[in-house]
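Here is the naming used below: chain letters follow the sequence lines, and residue numbers restart at 1 for every chain. The structure presented is a predicted model; accordingly, all values stated were derived computationally and were not measured.
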Amino acid sequence: MSKVFQNSDLAIADVFESASIMLGGFGLCGIPESCIAALARHGVSQLTCISNNAGIDDFGIGILLKARQVKKMISSYVGENAEFERQLLSGELEVDLIPQGTLAERIRAGGAGIPAFYTPAGVGTEVAKGKEIREFNGKLYLLEYGLTADFAFVKAWKGDTMGNLIYKGTARNFNPMMATAGKITIAEVEELVPAGTLDPNEIHTPGVFVQRIFIADKNEKRIEHRTIQTESHAG
Amino acid sequence: MSKVFQNSDLAIADVFESASIMLGGFGLCGIPESCIAALARHGVSQLTCISNNAGIDDFGIGILLKARQVKKMISSYVGENAEFERQLLSGELEVDLIPQGTLAERIRAGGAGIPAFYTPAGVGTEVAKGKEIREFNGKLYLLEYGLTADFAFVKAWKGDTMGNLIYKGTARNFNPMMATAGKITIAEVEELVPAGTLDPNEIHTPGVFVQRIFIADKNEKRIEHRTIQTESHAG
Amino acid sequence: MLDKYQIAQRIAKEIKPGSYVNLGIGIPTLVANYIPQSWNVTLQSENGLLGMGPFPTENEVDPDLINAGKQTITMSVGASLFSSADSFAMIRGGHIDLTILGAMEVSENGDIANWKIPGKKVKGMGGAMDLVASAKHIIVAMQHVSKDGKSKLLEECTLPLTGIKCIQRIVTELAVLDVLPEGGFKLLEIAPGHTVEDVKNATEGKLIIPDNVLEIELD
Amino acid sequence: MLDKYQIAQRIAKEIKPGSYVNLGIGIPTLVANYIPQSWNVTLQSENGLLGMGPFPTENEVDPDLINAGKQTITMSVGASLFSSADSFAMIRGGHIDLTILGAMEVSENGDIANWKIPGKKVKGMGGAMDLVASAKHIIVAMQHVSKDGKSKLLEECTLPLTGIKCIQRIVTELAVLDVLPEGGFKLLEIAPGHTVEDVKNATEGKLIIPDNVLEIELD
């Protein structure tokens, strides 16, 4: 009955062929590295991956793309991955591009039992195609639907044995909403502490949302654009 | 240009006749006591107050009711106030009762630029009267609208000079959403610290939502039902 | 006939170890007293707390820590705090395994009325409509008959509804019953000292009596 | 003709002290360099940070702290962190005073195209559609004409749109212009060394030339 799993392989062992999976992270920041590596070892394919980005060629979701495990990506920005581009053009991969705020809100809605909501993003663009448009107070909005998935993989900084999570810095990003929207949410944490250690007032994701938790096998945290302050920096 | 006000009277000085005001709190827990007292001194009336509860006869919003400053209450539960009942029966006061989760979500939506969303609460009840009903995945939902107000009065535990807020315990309740949904949000805090003192990772309400902040004149924190563990406590 | 403590005790047996439970005001609150610590059950309070502990001692009282009934409480180990919007997102999203609440009336198709009596003092529905519309599983703790002898398990509710087709199980002073998906109260267990006939007389709505009806067991 | 640093410098003059600003990728990012500390401007990064500081020194680099362009950054005094849903709630709810972003094309009625070129690599819109649909006030930093001499200030956009009727002000290498609510680019300022005629030639959409057109001033 414990939520604590010994490693990533055990935690994701029941991910099945054609499953839908949400993966936290923005760029390579706050991505569930250990779960992704385990999923590559696990080997199921035809996956639908819901993630703001698609990783780079040899890191993040790029690893799953290279192994041809992904059938469809639901993302807002996928521009940093050449293999992605190749599979998309060859028709091996489907992609559903969604405005970032709409994606975030759809996931939040999915976890919150809101089946649909209206948002202004995408009105008058190709994103609006086939969608209900409605006016509220003189402004146009699109109807968008809540989004859930079979699994959610999230990365947190600290977690406790009851599944409570605290994220760090901008590694929080999509992780908190995804934790609420997975039928089974699997959290990999840098530090796992006994329940009662974390301040209840500082918890970002209450344990009820997390079905499994384990200590991340790796925290490589690759940096996409290492940008350093130069001497000539103004202001 | 500073957000810091010297006291409650200055912070609420421009609240006008017939204004709509959101007031944080659940029961008497986490209510903006100082703002309410200042508003009673300020004296404008015909107010629309949006608050989960209506206080008790001599505390919380009860003070404003007694002074006949409130025209309309938008709440989920108002059962603890005899003066409220009297004014309602005499027709002096209007009340709009909204399911608590719907009220919380409508305020969250108002602050988040979501004009409307669907929720299952109230389907088949008198709450559904006149509302659009729609089916998603075989279940019925009501269309509910985002809610904003001219002012939001919130109570926080700690705040900094840039308006960042941290709440304590269950005194958080409606305060975070209301902070996002007031055109002018006024925060009273138990402790006001210099910007940079609070851990960015622990802030509940980012400063962008708070236009004014001041140190609460009073933190009486009256308890509605002081319930103590007795010797016979089982389990 | 069960008293309110025994109703709470019987309901506690419905709770699964490791589950997350929301307890309403009244008899449901008493249920907490009959959940063994070892079950690792987590109680949610919809005003923004997951992991509600027992009432505080005199020294522990904190005005910033109350439950949905506005009573002072404590936090259990591993508790977390959040806003009302996040709390109802948790409830509406189906993350709470079980909701236990009181009722004035339940109908044979699972409708519930528990928030308003016409002509009486206006109070409001609080979180009840959200809870009944969203909960995965609901158990109602209620009186089978009113003080003046009228059944509260009805063909149709007479009071303003809180939610429709949402109640699965009912525990009263007389019986444990399921509301069947196709309609009707199915009798599961009878209170010690009572007969099927007693339940029949106390139930206005359609009562389905299977062959084997057990006696309610309390440890 | 302004270079990209000068465009950024000119845009910085549009920022009000004490305001909250979201800076897009490219030239908009450079704007940060021209905002004096004393203005108390707070920069939002839509991946979940309010209070973005300068790039880190070698020692300060933290892989868990990046901006929306995926560059390593620091936090300024009084910063706060939040989820992507909360970040776009902040944006969509109109809490950010000013959004500065790049564009490939803008039309005379304020439509903007800045996310996709048919036939080129698919990237995605990221947060651009949310930003343009929600921002209270938008300034676009863009090239007036493409490398092959085509105007990018058009009667109608030719590229897939990011948003409609949302752009209020444009700063290019040649000019500062407003998009009027009734349609048309109103010329406000011209880059040093250029004439109204230059701007006319570079603008395909309707250009409105008031009597007093100033020269762009950079401190």
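Using modelled atom types and a 3.5 Å distance limit, the side chains of C:Asn22 and C:Thr99 yield no donor-acceptor pair. Under the 3.5 Å distance criterion, with hydrogens and angles disregarded, a donor-acceptor pair is assigned to the side chains of B:Glu188 and B:Ser34.
Heavy-atom pairs under 4.5 Å with chain B peak, among C:Gln71, C:Lys116, C:Glu60, C:Glu46, at C:Gln71. The choice from C:Ile73, C:Asp86, C:Leu49, C:Asp130 that makes the most heavy-atom pairs within less than 4.5 Å of chain B is C:Asp130. For the options C:Val122, C:Thr72, C:Thr57, heavy-atom pairs under 4.5 Å to chain B are most numerous at C:Thr72. Of the listed residues (C:Gly48, C:Ser83, C:Gly127, C:Ser87), the one with the most heavy-atom contacts under 4.5 Å to chain B is C:Ser83. When each of C:Ala89, C:Gly124, C:Gly126, C:Ser134 is checked for heavy-atom pairs under 4.5 Å with chain B, C:Gly126 comes out on top. The residue among C:Leu161, C:Ile164, C:Asn67, C:Leu81 with the most heavy atom pairs within less than 4.5 Å of chain B is C:Leu81. The greatest number of non-hydrogen atom pairs below 4.5 Å with chain C, out of B:Asn52, B:Leu89, B:Thr119, B:Leu103, is found for B:Thr119. Ranked by heavy-atom pairs under 4.5 Å with chain C, the list B:Ala104, B:Ser75, B:Pro176 is led by B:Ala104.
A cation-pi arrangement is absent between B:Lys183 and B:Phe151 under the rule of less than 6.0 angstrom and at most 45 degrees off the ring axis. A cation-pi arrangement is found for B:Arg222 relative to B:Phe59, the charged atom lying closer than 6.0 Å to the ring centre and inside a 45° cone about the ring normal.
If you measure heavy-atom distances from C:Asp111 to chain B, you find no contacts under 4.5 Å at all. Heavy atoms of C:Val61 lying under 4.5 Å from chain B belong exclusively to its side chain. The contact between B:Arg108 and chain C is made entirely by side chain atoms (from C-beta outward), counting heavy-atom distances below 4.5 Å. At a 4.5 Å heavy-atom cutoff, the contact between B:Glu190 and chain C is made by side-chain atoms alone. Contact annotation for B:Ile223: only side-chain heavy atoms (C-beta onward) come within less than 4.5 Å of a heavy atom of chain C. Residue contact with chain B, scored on non-hydrogen atoms closer than 4.5 Å, is absent for C:Lys165. Contact annotation for C:Ala68: both backbone and side-chain heavy atoms come within less than 4.5 Å of a heavy atom of chain B. Contacts between C:Ser45 and chain B at a heavy-atom distance below 4.5 Å are absent for every atom of the residue.
Of all heavy-atom pairs between B:Gly122 and B:Ala128, the closest is O-CB, 3.5 Å. When every heavy atom of C:Ile15 is checked against every heavy atom of C:Val31, the shortest pair comes out as CD1-CG1, 3.8 Å. Of all heavy-atom pairs between B:Leu28 and B:Gly55, the closest is CD2-CA, 4.1 Å.
Remark: C:Met125 CE to B:Gln100 CD distance equals 10.5 Å, nearest 0.5 Å. The CD1 atom of C:Ile35 lies 14.0 Å from the NZ atom of C:Lys13; values are rounded to the nearest 0.5 Å.
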Next on the checklist: As a quick check of understanding, evaluate side chain to side chain contact (heavy atoms under 4.5 Å, CB included) for B:Ile98 and B:Arg106, giving each step before the final call.
Outcome noted: CA-CA 10 Å; B:Ile98 297 178; B:Arg106 286 185 61 188; 3.2 Å; yes
Checklist entry - Checking side chain to side chain contact (heavy atoms under 4.5 Å, CB included) for the pair B:Glu105/C:Arg92: CA distance, chi angles, key distance, verdict? => result CA-CA 11 Å; B:Glu105 189 67 15; C:Arg92 206 187 303 103; 3.6 Å; yes
Next on the checklist: Using the rule given for side chain to side chain contact (heavy atoms under 4.5 Å, CB included), can you reason through B:Leu65 versus B:Leu93, listing the C-alpha separation, both sets of side-chain angles and the distance that settles it, and then say yes or no?
Outcome noted: CA-CA 9 Å; B:Leu65 288 165; B:Leu93 182 69; 3.8 Å; yes
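A ring-centre distance under 6.0 Å is not found for B:Phe26 and B:Phe174.
Contact annotation for residues 169-179 of chain C against chain B (heavy-atom separation below 4.5 Å): no residues qualify.
B:Leu142 is listed as a side-chain neighbour of B:Val127, based on a closest heavy-atom distance under 4.5 Å.
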